[in-house]
Undergrad: 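Attaching a single structure in structure tokens format; questions to follow.
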Amino acid sequence: MKQMAILYTFLLAFSFSLINAQKIPYLKKTNGMTQLMVNEKPFLMMAGEVHNSSASTVEYMKPLFPTLKSMNLNSVFVTTAWEQIEPKEGVYDFSLVDAIIDNAQNNNLKVCLLWFASWKNGESSYAPMWVKKDTKRFFRVKTKDGRAIETLSPFCEATKIADAKAFAAMMKHIKEYDKNQTVILMQPQNEVGMFQDIDYNQESLDLYKKQVPATLMSYLIKNKANLDDYVKSAWAKNNFKTEGTWTSIFGDTPESKAFFTTWQYASYINFVAQSGRAEYNLPMMVNAWIVQKPEDLPGVYPNGGPVSRVMDIWKAAAPAIDIQSPDIYLPNFKEIVAMYHRADNPLLIPESKAEVGRAYYAYGQHDAICFSPFGIEDASDDFLFKKGYSVLNEVQHLIKKYQGTGKMQAVLKEGNEQAPELTFGDYKLKVNYEKPDEPCFGIIIQTSDEEFTVIGMNLKIFFESTKKGEIGHIGQVWEGRYENEQWIPTRLMNGDETWHNAVARVFGRTFKSSVDLSDEEKKQGNPNAYSPETKKVITAPGVYKVMTYKR
């Protein structure tokens, strides 16, 4: 009987472990920060988004996935187009979805699927032909002069229902086909919005004259103290009225039309997302074509999308969307991520330039769930990017462990700015950029009271005590690496390397490559011009442990 009891306990524990292992991906909020959980473990998406057409055929996508894996990615953002999923109304073809899942799984990559359906970049080119041709049933956005453009109207109920039906069918199929949870995240639509102040269809204009929805007013009242200034200022001009039409509450202004248009887009996409989640409840995010200049009016950028100005409107209208995300190609990366990282909105970057220092800053400073450059296959020969992701893979266990603790910060050189001072407990760290004309970035983690781990390149870090009458010193600086989460020191840095422990110099790892001299270099009289090749030193991020003490 005792043996049977032991066997029963073992089988019960084993079955519970299987259930837990199969729990679908979800977002977990702890200590004020959010992590993406995959198989019940935090998953840091070191990702890339492929070009829009890269997964449009099985033949084209198949050789792409090994390339992505060789770039040290662990996940990839891939497009699925409504026009290919439902070429005829009610007739579905999921062969491309299956191929994406199979190819990703074969290369040990996780996937975020991008649903390009009613809109992509404020346009509607990915809708099926049967939608495009039927302009009466699926009506278009109208301009002020009454001209119907090609963009599908967010006020068209028939389009919303057709889109949601197709999305739900795809989600149902993914649940049935994707047994290994390769797909971990979904994005319904892409960079939505219209390039005008409002849709001049009669349906839209009639709704604009009606009361602001009670759900939105309730949200604004509840969150008044923390609203974005763009929304709060517009509301304040009419003395924070709590009931009335769009114009009576926000004025007959561009802002009022923007809030109204945003409410409609967000409500439409919420309906699509809810329909999909009813079939398979994966986390959902949306992305934004962000405001390019502070003075830009809505419509200069896609009006209605989840730009930082109207995140609060989206939060009220689209509870089925977990995260609003910025696509960042502008140089002020740090300013933009600070706008999107909020208590109610974790940072997830689905599109960016392939500058790996941005990834380090997002993960280290803002507890980001994901960093993903667009057109990632174009960076397949980018040595710094690949090595930078390799090091992130090496230390991701530390990043996940210290997210939300306040013991992890990051630096990233933008333009001609000076490096910051950082405070960790009793220590003040003065950071300087070692080679200001080259990429300078890093993540700094206080792993114990007198120990810091630094991951990055081209930094000088001075350690001082914040306590009056006490002096902080560097005891040792070790260069090394992590293998299977175990620290392996490779060099004790002293003397010239640290100015006798006055500063931790984060050089980064150096690699020598053979580089053929160009004809131009030969013309300029390069001393190696008549040698067939020369050695070029390339720097990538490194990992350092700094031991400190006070006296």
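The first residue in the sequence is number 1, and the count goes up from there.
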Undergrad: Who pairs with Ile149 by side chain to side chain contact (heavy atoms under 4.5 Å, CB included), at least two apart in sequence or on another chain?
TA: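 Partners of Ile149 by the side chain to side chain contact (heavy atoms under 4.5 Å, CB included) criterion, ordered by chain and then number, come out as Val141, Thr143, Arg147, Thr151, Gln196.
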
Undergrad: Using a distance-only test with no angle check, is there a side-chain donor-acceptor pair under 3.5 angstrom linking Tyr126 and Asn121?
TA: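 Side-chain D/A pair, Tyr126 to Asn121: absent.
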
Undergrad: Salt bridge (charged side-chain N to carboxylate O under 4.0 Å, His left out) between Lys175 and Glu279: does it pass, once the steps are laid out?
TA: CA-CA 8 Å; Lys175 181 179 181 181; Glu279 297 292 344; over 6 Å; no

Undergrad: Answer yes or no: does atom NZ of Lys545 have more than 12 heavy-atom neighbours from other residues, nucleotides or ligands under 6.0 Å?
TA: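 Correct, the count exceeds 12.
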
Undergrad: Are Lys334 and Glu417 close enough for a salt bridge, meaning some N to O gap below 4.0 Å?
TA: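 So Lys334 pairs with Glu417 through a salt bridge.
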
Undergrad: Please work out which of the three classes, parallel, tilted or perpendicular, describes the rings of Trp82 and Trp115, given edges at 30° and 60°.
TA: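 Taking Trp82 first and then Trp115, their aromatic rings sit tilted (interplane angle of 30° to 60°).
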
Undergrad: Quick one: pull up OG1 in Thr453 and CD1 in Ile443 and give me the separation to the nearest 0.5 Å.
TA: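 Those atoms lie 11.0 Å apart.
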
Undergrad: Is it the case that Gln396 and Asn74 place a side-chain donor and acceptor less than 3.5 Å from each other?
TA: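 Asn74 and Gln396 do not have a side-chain donor-acceptor pair below 3.5 Å.
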
Undergrad: Is Lys172 salt-bridged to Glu176, going by a charged N under 4.0 Å from an acidic O?
TA: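 Yes, charged N to carboxylate O under 4.0 Å.
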
Undergrad: Go through the structure and list residues passing salt bridge (charged side-chain N to carboxylate O under 4.0 Å, His left out) with Glu89, not counting sequence neighbours.
TA: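 Counting only residues at least two positions away or on another chain, Glu89 forms a salt bridge (charged side-chain N to carboxylate O under 4.0 Å, His left out) with Arg137.
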
Undergrad: If you count the non-hydrogen atoms of other residues, nucleotides and ligands that lie under 6.0 Å from NZ in Lys401, is the total more than 12?
TA: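 No.
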
Undergrad: To the nearest 0.5 Å, what is the distance between CZ (Phe77) and SG (Cys370)?
TA: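 Between Phe77 CZ and Cys370 SG, I get 3.5 Å after rounding to 0.5 Å.
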
Undergrad: Quick one: closest heavy-atom pair of Phe43 and Lys110, and the distance?
TA: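 Heavy atoms only, the tightest pair is CZ-CG, 3.7 Å.
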
Undergrad: Any side-chain donor-acceptor pair under 3.5 Å between Ser54 and Glu377?
TA: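 Short answer, yes.
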
Undergrad: Sequence neighbours left out, what passes side chain to side chain contact (heavy atoms under 4.5 Å, CB included) with Lys315? Give chain and number order.
TA: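 Partners of Lys315 by the side chain to side chain contact (heavy atoms under 4.5 Å, CB included) criterion, ordered by chain and then number, come out as Tyr219, Gln324, Arg342, Asp344, Asn345.
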
Undergrad: Give a yes-or-no answer on whether the side chains of Asn458 and Lys413 include a donor-acceptor pair shorter than 3.5 Å.
TA: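 On atom types as modelled, these side chains do not qualify, holding no pair under 3.5 Å.
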
Undergrad: Keeping the roles fixed (side chain from Thr34, backbone from Pro346), state whether a donor-acceptor pair exists under 3.5 Å.
TA: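 Answer holds: no.
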
Undergrad: Please work out which of the three classes, parallel, tilted or perpendicular, describes the rings of Phe94 and Tyr92, given edges at 30° and 60°.
TA: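 If you compare the ring of Tyr92 with that of Phe94, the planes turn out parallel.
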
Undergrad: With a 3.5 Å distance limit and no angle check, can you tell me whether Lys386 reaches the backbone of Ser380 through a side-chain donor-acceptor pair?
TA: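 Between the backbone of Ser380 and the side chain of Lys386 there is a qualifying donor-acceptor contact (under 3.5 Å).
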
